[in-house]
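What follows is a set of notes on a single structure, which appears directly below.
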Amino acid sequence: MKILVTGGAGFIGSNFVRHVLTAHADDAVINFDKLTYAGNLENLRDVETDPRYRFVRGDIGDRAQVLEAMEGVDAVVHFAAETHVDRSNAGAAEFLSTNVTGTFTLLEAARELKVARFVAIGTDEVYGSIAKGAARELDPLNPSNPYSASKAAADLLARAYWTTHRLPVIVTRSSNNFGPYQYPEKVIPLFITNAIEDKPLPLYGDGKNVRDWLYVLDNCAAIDLVLRKGKEGEIYNIGGSHEVENIVLTRQVLHLVGKPETLITPVVDRPGHDRRYALDSGKAHGLGWKPTHTFPKALEATVSWYKEHEAWWKPIKSGAFRTYYEKQYQSR
Ligand code: NAD
Ligand code: TYD
């Protein structure tokens with residue numbers, strides 16, 4: 001199969017490209033990525049000489065670039081997005097142009113070229129905060145912030161292309177991912193790298209918000225299965241089935257890095273901060289998928305990866321890098 005992966009230079013996309021090239025000897029991958037601040041070709045250095053892999057720099061909102069890259073592919077797996085909630089709260093323009101208009105451009109191109117499979121990567125954040133139980137695929141969407149609202153728009157648009165145009169779309173909605181190559185603005189890599197550097201860990205609000213953590217390689221396996229065995233027009237929740245309060249997660253990270261809890265620094269809460277996400281992944285389990293990595297082992301492996309790959313994250317965190325909290329704090 002020849003697959004166009006959008007956003008393949010980002011965190012999940014790069015892990016997915018590597019997964020496909022490793023698991024499927026006959027597959028070829030085109031990685032189409034704009035290389036925003038979150039895109040990094042270092043994430044795929046090990047595969048760049050593989051003849052089955054090709055990188056194309058381009059913007060998913062650019063129709064001509066998209067049509068050229070998509071010509072002749074069997075499937076599109078669409079990861080490219082602006083992904084950080086705090087950035088969307090600070091300014092949402094890029095979230096609308098990439099996540100909504102960019103997705104629209106891809107869907108139109110896929111329709112024109114009659115692409116046989118279009119997997120749209122969505123998020124559990126579209127369901128909004130879940131007080132009790134777990135969200136199922138047909139539950140109403142109730143996004144809280146500009147990021148999740150833009151992802152909900154993209155998700156619904158992709159589904160509309162199935163309903164109206166019979167473009168063979170499948171949507172996955174996963175919970176919070178963690179693992180190697182995650183940009184250190186997201187909580188797990190930020191806290192691991194801050195701990196390594198003896199910097200404070202800015203914990204939002206009361207620290208009791210809950211996220212359901214999914215190891216990125218388990219998500220890649222699920223997306224791969226959905227790509228090959230999923231049913232057209234369907235949505236699949238992909239959850240890690242491991243809910244943790246942020247404060248508990250923070251203590252676990254500090255323990256694994258070997259640093260004191262005095263680094264925990266409670267800070268002002270994120271506006272509109274969703275309290276809890278939870279997914280019912282029964283449908284994906286029905287396809288034959290289950291996470292194969294346990295959370296404690298996967299977190300330990302992730303901490304080890306960041307300890308061993310300072311050369312990857314130190315350049316990102318030097319220079320102009322500021323977390324959302326640091327920016328807010330400095331602007332006062
Ligand atoms: P990321 O921020 O690490 O990477 C995004 C990638 O998209 C980057 O390589 C960037 O250069 C590229 N990109 C951005 N705008 C582009 C454009 N206009 N044209 C082409 N490329 C562009 O993101 P991630 O964490 O790997 O997330 C990937 C996808 O998975 C996103 O759609 C995100 O919404 C979804 N998702 C992520 C998580 C998570 O926990 N990280 C959870 C659920 C869903
Ligand atoms: P994040 O990694 O930004 O993912 P998302 O907002 O998409 O779930 O944040 C995960 C959780 O960690 C969320 O409840 C917010 C919290 N958080 C902090 O407490 N401090 C931080 O510096 C960051 C970035 C996040």
Side-chain angles (χ1 to χ4, degrees), residues 5-16 31-41 43-44 56-62 65-66 69 77-89 94-95 97-99 101-103 105-106 120-126 129 144-145 147-148 150-151 154-155 172-179 181-191 194 200-214 216 219-220 223 238-240 244-247 249-250 264-270 272-277 279 323-326:
V5 172
T6 72
F11 163 48
I12 309 176
S14 62
N15 278 286
F16 181 74
N31 171 12
F32 184 84
D33 198 296
K34 186 178 173 183
L35 298 184
T36 67
Y37 79 94
N40 187 349
L41 290 179
N43 299 2
L44 287 169
V56 176
R57 188 168 190 177
D59 185 333
I60 58 167
D62 186 312
Q65 289 178 354
V66 163
V77 183
H78 170 37
F79 293 91
E82 287 295 330
T83 62
H84 191 41
V85 172
D86 292 325
R87 284 181 190 257
S88 82
N89 290 347
E94 298 275 347
F95 288 74
S97 58
T98 288
N99 301 1
T101 311
T103 299
T105 308
L106 287 171
I121 305 299
T123 166
D124 63 352
E125 304 199 17
V126 295
S129 199
S144 311
N145 55 65
Y147 162 67
S148 52
S150 70
K151 290 295 291 183
D155 178 315
T172 67
R173 294 179 184 152
S174 87
S175 58
N176 282 64
N177 283 224
F178 69 104
Y181 302 104
Q182 186 168 30
Y183 194 83
E185 66 186 350
K186 305 284 165 60
V187 75
I188 289 185
L190 176 69
F191 282 13
N194 276 17
L201 275 50
L203 186 63
Y204 296 165
D206 64 3
K208 293 197 169 162
N209 298 66
V210 172
R211 295 292 182 266
D212 168 22
W213 290 101
L214 172 67
V216 65
N219 191 20
C220 291
I223 294 165
I238 303 173
V244 198
E245 281 185 356
N246 290 340
I247 178 67
L249 172 72
T250 306
I264 301 174
T265 308
V267 297
V268 63
D269 206 357
R270 167 191 283 176
H273 194 174
D274 282 331
R275 194 65 171 167
R276 172 175 175 262
Y277 297 135
L279 286 179
T323 63
Y324 174 76
Y325 174 70
E326 285 168 332

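Counting convention: from 1, in listed order, for ligands and their atoms alike. In this text, all values refer to a predicted model and were calculated from it rather than measured experimentally. Hydrogens, waters and symmetry mates play no part in the numbers below; they use all other heavy atoms, side chains included.
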### Task
Could you tell me whether Y204 and ligand 2 have an N or O pair separated by under 3.5 Å?
yes

### Query
Which atoms of ligand 2 have any heavy atom of H273 under 4.0 Å away?
13 (C), 14 (O), 15 (C)

#### Entry: Element-labelled atoms of ligand 2 that are located less than 4.0 Å from some non-hydrogen atom of H84
3 (O)

### Query
Should you measure from each heavy atom of R211, which atoms of ligand 2 turn up under 4.0 Å away?
8 (O), 13 (C), 14 (O)

### Query
Relative to the heavy atoms of L203, which atoms of ligand 2 are at a distance of less than 4.0 Å?
19 (O)

### Message
Are N209 and Y204 packed together at the side-chain level, in the sense that at least one heavy-atom pair is separated by less than 4.5 angstrom?
### Response
no

Pairwise, report which nitrogen or oxygen atoms of ligand 1 are under 3.5 angstrom from protein nitrogen or oxygen atoms, and how far apart they are.
from, atom 1, to, atom 2, distance (Å)
ligand 1, 2 (O), T83, OG1, 2.7
ligand 1, 3 (O), F11, N, 3.0
ligand 1, 9 (O), G10, N, 2.9
ligand 1, 9 (O), D33, OD1, 3.3
ligand 1, 9 (O), D33, OD2, 2.6
ligand 1, 11 (O), D33, OD1, 2.6
ligand 1, 11 (O), L35, N, 3.4
ligand 1, 11 (O), T36, N, 3.0
ligand 1, 11 (O), T36, OG1, 3.1
ligand 1, 18 (N), D59, OD1, 3.0
ligand 1, 18 (N), T98, OG1, 3.2
ligand 1, 19 (N), I60, N, 3.0
ligand 1, 21 (N), K34, N, 3.1
ligand 1, 26 (O), F11, N, 3.3
ligand 1, 26 (O), I12, N, 2.8
ligand 1, 32 (O), F79, O, 2.8
ligand 1, 32 (O), K151, NZ, 2.7
ligand 1, 34 (O), Y147, OH, 2.7
ligand 1, 34 (O), K151, NZ, 3.0
ligand 1, 40 (O), N177, N, 2.8

### Message
Would you say that Q65 contacts F32 through its side chain, given a criterion of any heavy-atom pair below 4.5 Å between the two side chains?
### Response
yes

### Message
Are F79 and I223 packed together at the side-chain level, in the sense that at least one heavy-atom pair is separated by less than 4.5 angstrom?
### Response
yes

### pair I264-I247: side-chain heavy atoms closer than 4.5 Å
yes

### Message
Which of the numbered atoms in ligand 2 are under 4.0 angstrom from any heavy atom belonging to E125?
### Response
5 (P), 7 (O), 8 (O)

### Task
Examine K186 against ligand 2 and note whether any of their N/O atoms are separated by less than 3.5 Å.
no

### Task
Report yes or no: is the cationic atom of R87 (NZ for Lys, CZ for Arg) closer than 6.0 Å to the six-membered ring centre of Y37, at no more than 45° off its axis?
yes

### Task
May I ask whether Y147 has any heavy atom positioned less than 4.0 angstrom from an atom of ligand 2?
no

### Message
Distance under 4.0 Å to a non-hydrogen atom of L190: what atoms of ligand 2 satisfy this?
### Response
22 (O)

### Task
Without swapping roles, check the side chain of T103 against the backbone of A154 for a donor-acceptor pair under 3.5 Å.
no

### Task
Output yes when the distance from some N or O of ligand 2 to some N or O of Y277 is under 3.5 Å, and no in every other case.
no

### Message
Considering both backbone and side-chain atoms of V85, is one of its nitrogen or oxygen atoms within less than 3.5 Å of a nitrogen or oxygen in ligand 2?
### Response
no

### Query
Any donor-acceptor pair under 3.5 Å linking the side chain of S144 with the backbone of G272?
no

### Message
Is there a polar contact between ligand 2 and D86, counting only N or O atoms under 3.5 Å apart?
### Response
no

### Message
Closer than 3.5 angstrom, by distance alone: can the side chain of R57 be matched with the main-chain N or O of K34 as a donor-acceptor pair?
### Response
yes

### F11 backbone acceptor or donor facing S14 side chain under 3.5 Å
yes

### Task
Determine whether the side chains of Y147 and E82 contain a donor N or O and an acceptor N or O closer than 3.5 Å.
no

### Summary
Contact region, V187 to ligand 2, non-hydrogen atoms below 4.0 Å, reads both

### Task
Could you list the residues that satisfy side-chain hydrogen bond (donor to acceptor under 3.5 Å, both in side chains) with D62, not counting sequence neighbours?
none

### Message
Do I12 and I121 make a side-chain contact, defined as non-hydrogen atoms from C-beta onward lying under 4.5 Å apart?
### Response
no

### Message
Please check: side-chain N/O of N31 versus main-chain N/O of G8, any donor-acceptor pairing under 3.5 Å?
### Response
yes

### Query
Counting both backbone and side chain atoms, is some N or O of N176 under 3.5 Å from an N or O of ligand 2?
yes

### Task
Using a strict cut-off of 4.0 Å, indicate which atoms of ligand 2 neighbour a heavy atom of E185.
24 (C)

### Query
In ligand 2, which numbered atoms sit nearer than 4.0 Å to a non-hydrogen atom of P202?
18 (C), 19 (O), 20 (N), 21 (C), 22 (O)

### Message
Between S129 and R276 (side chain of the first, backbone of the second, donor and acceptor by atom type, cut-off under 3.5 Å), is there such a pair?
### Response
yes

